[in-house]
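Comments concern the structure below.
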Amino acid sequence: MTPLRVRAKWRPSLGMIVVAVLLAVAALPLAGLFFFRLYENQLVRQTEAELIAQASVLAAAYADAVERQDPPPAVSPTPVASLAPEERFHPIEPALDLTGDDVLGPRPAAVPATAAVDPALQAIGSQVYAIARRAQDQTLAGVRVLDFNGTILAGAEEVGLSLAEVPEVAGALAGQYHAALRVRRSQHEPPPLYSMSRGTGVRVFVALPIIAHTPEGDRVAGVIYASRTPNNIFRHLYGERRKVALAGGVILAVILIIAFVFSRTITRPIHQLVRQTRELGTRALDEGPAEAPHYGTREIALLSQSFHDMAQRLSDRSRYITTFAAHVSHELKSPLTGIQGAAELLHDDLEGEEAMGAGPMDTEQRRRFLGNILADTRRLTALVQRLRDLAQADNAVRGGRTSLSAVWPELAAQFPRLALTTGGEDAAVAMSAENVMILFSHLADNAGRHGATALDIAVATRDWAVVVTVTDNGHGISAANRDRVFDAFFTTRRDSGGTGMGLHIVQSLLRSHGGDIRLGDAPEGGGAVFEVTLPRV
């Protein structure tokens with residue numbers, strides 16, 4: 001049968017996968033730069049909130065000055081909705097969304113005004129703008145103070161022109177707060193890296209109506225129109241460069257630690273296991289596997305242990321087969337040599353050839369040589385049968401359930417010359433009835449062939465096993481032979497047809513089921529004691 005082989009195709013190594021994972025982890029912060037709209041949006045809303053706060057202070061100063069004028073200056077004739085008495089506080093929340101709102105074009109240029117400016121409002125607007133101008137060095141905000149018609153009262157070079165057509169200003173003139181994102185005008189091109197940021201070329205504009213309380217009701221007295229460029233995310237990160245560098249260093253250190261852990265716990269043990277499999281393929285099986293110095297993770301440790309157990313079993317099996325083959329060849333060689341020698345002598349006699357000057361064989365000599373051939377043939381037959389029994393014991397079908405109390409009557413009937421006595425408790429073992437019978441039949445046959453007339457069986461149970469003590473009253477086992485009784489082909493009855501395989505078959509059958517057998521201390525009256533451990537159901 002052709003052995004299965006892994007199909008040859010390109011596969012990534014574990015090291016490549018680990019490196020890819022680590023690079024992906026390292027790239028996450030860099031990839032996050034392309035998905036920082038949320039952070040940029042926060043900067044935009046922060047700018048809007050600051051402009052709202054600054055415009056609210058300026059609008060309050062403007063409204064207070066208008067309300068103190070006597071006579072009051074002109075205001076919008078259109079009333080605005082007044083707040084209920086219980087709605088004392090009405091904060092304005094920033095609502096611009098860089099990811100969802102359209103970025104409008106640059107702010108339209110101011111156009112000539114269509115209405116005259118009230119001198120009183122002109123004076124108030126100049127005073128309020130002076131406050132904004134002095135704070136501009138800190139706030140960085142551009143401010144325009146407009147009257148209720150949208151005409152610029154104060155604000156750089158556009159004084160006297162009108163912004164009433166600008167959408168956000170038009171909304172504020174109607175009494176509602178409005179804000180907009182517009183393309184920023186700049187005399188300098190931004191750095192190439194800034195092109196990754198949508199917020200780089202954007203400027204925030206807010207238009208806050210100035211509401212004055214008059215005897216006729218609340219009226220729009222003007223508009224505070226403020227603007228500022230939000231803080232750029234790259235400039236912000238540069239300002240936090242030490243923290244960013246520290247975070248990058250920590251990420252790099254974590255990556256190196258992860259790489260070291262992967263190498264120590266996965267890559268290195270697997271390479272060692274691969275090396276050992278190759279070494280095992282080039283060395284003799286009976287040399288056994290080398291121990292792995294490092295196992296890594298629990299799963300790899302289990303894999304390595306399973307590999308070593310398998311290699312050890314193969315090594316033990318190889319040594320067993322080598323030794324067994326040597327014993328088999330030796331055991332088979334003796335009777336085959338005897339058969340060959342006797343057959344050659346008989347052949348020579350039939351051909352009329354005299355052996356070494358002797359005369360022709362008489363009938364008694366021929367009968368003796370034929371007897372030798374038959375005896376050696378019977379021994380060969382017994383050896384072959386024992387080898388077949390050993391093969392079945394080594395590869396016995398595991399499992400089953402057998403009550404020992406049901407085995408003893410059959411055993412007594414099979415060996416009527418042995419007085420069988422049983423004692424102890426009944427127990428069920430995890431073996432088939434056939435295998436249990438084979439096991440104790442060999443022990444009984446071995447006892448009978450060594451002069452035993454009685455066999456005593458005692459059963460005891462343990463947590464996981466059943467221990468059966470078998471005691472006979474035979475000739476016993478000498479101290480010199482106690483360590484060899486379970487060796488294959490070891491026998492003290494070779495002349496009487498013993499093969500030395502019975503106890504070895506018993507041991508192989510038990511071990512294939514997870515049990516074992518050992519030789520106990522000899523009783524005072526003579527005989528032998530075997531302690532059999534069987535798997536318990």
Side-chain angles (χ1 to χ4, degrees), residues 331 335 374-390 392-393 396 402 404-424 429 431-459 466-511 515-534:
E331 291 295 327
L374 291 175
D376 287 335
T377 303
R378 285 192 293 270
R379 177 167 178 79
L380 286 175
T381 302
L383 284 173
V384 171
Q385 180 60 41
R386 289 299 193 181
L387 289 175
R388 186 183 297 112
D389 294 341
L390 178 61
Q392 293 178 351
T402 303
L404 293 179
S405 60
V407 176
W408 309 142
E410 184 179 352
L411 184 66
Q414 185 174 346
F415 296 92
R417 295 184 179 182
L418 288 176
L420 184 66
T421 59
T422 60
V429 296
M431 292 178 65
S432 65
E434 179 184 2
N435 288 331
V436 174
M437 194 62 195
I438 292 174
L439 166 67
F440 288 104
S441 296
H442 277 293
L443 290 177
D445 180 70
N446 184 73
R449 292 180 182 274
H450 286 82
T453 59
L455 199 66
D456 180 71
I457 298 177
V459 181
V466 176
V467 179
V468 181
T469 304
V470 180
T471 306
D472 65 55
N473 62 347
H475 303 316
I477 301 173
S478 65
N481 295 334
R482 289 180 63 86
D483 295 335
R484 303 180 59 191
V485 291
F486 297 109
D487 292 346
F489 303 107
F490 173 75
T491 180
T492 58
R493 299 184 305 103
R494 192 176 303 275
D495 295 338
S496 60
T499 61
M501 296 291 290
L503 292 179
H504 185 71
I505 292 174
V506 169
Q507 185 183 59
S508 298
L509 181 61
L510 284 169
R511 288 182 175 177
D516 204 356
I517 184 173
R518 75 177 189 88
L519 181 63
D521 296 331
E524 295 182 358
V529 177
F530 291 94
E531 187 177 281
V532 180
T533 302
L534 297 167

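The closest side-chain heavy-atom distance from Leu510 to Asp516 is not below 4.5 Å. Residues Val468 and Ile457 form a side-chain contact, since some pair of their non-hydrogen atoms from C-beta on lies under 4.5 Å apart. Side-chain contact between Val467 and Glu531 is present, with at least one heavy-atom pair separated by less than 4.5 Å.
In this structure a side-chain-to-backbone donor-acceptor pair under 3.5 Å is present from Asn473 to Thr453.
The CG atom of Leu420 sits 8.5 Å away from atom CG of Asp456, with the distance rounded to the nearest 0.5 Å. A distance of 11.0 Å separates CG in Leu404 from CG in Leu411, rounded to the nearest 0.5 Å. Atom OG of Ser441 and atom CG of Asn446 lie 12.0 Å apart (nearest 0.5 Å). Distance check, rounded to the nearest 0.5 Å: CD1 of Ile477 to CZ of Phe530 gives 4.0 Å.
Glu410 is linked by a side-chain contact (heavy atoms from CB on, under 4.5 Å) to Met437, counting only residues two or more places apart in sequence or in another chain. Leu374 meets the side-chain contact (heavy atoms from CB on, under 4.5 Å) test with Arg378; sequence neighbours excluded. Under the side-chain contact (heavy atoms from CB on, under 4.5 Å) criterion, Ala433 pairs with Thr402, sequence neighbours left out. Scanning for side-chain contact (heavy atoms from CB on, under 4.5 Å) contacts around Ala447 gives Ala452, Leu455, Asp472, with sequence neighbours left out. Annotation: side-chain hydrogen bond (donor to acceptor under 3.5 Å, both in side chains) contacts of Ser405 (sequence neighbours excluded): Ser403, Asp426.
Residue Val532 is tested with Thr469, Val466, Val429, Leu443 for a side chain to side chain contact (heavy atoms under 4.5 Å, CB included); the sole match is Leu443.
In plain terms, the two heavy atoms of Trp408 and Val459 that are nearest each other are CZ2-CG2, 4.0 Å. Minimum interatomic distance between His475 and Gly451 (heavy atoms only, all atoms of both residues): NE2-CA, 3.7 Å.
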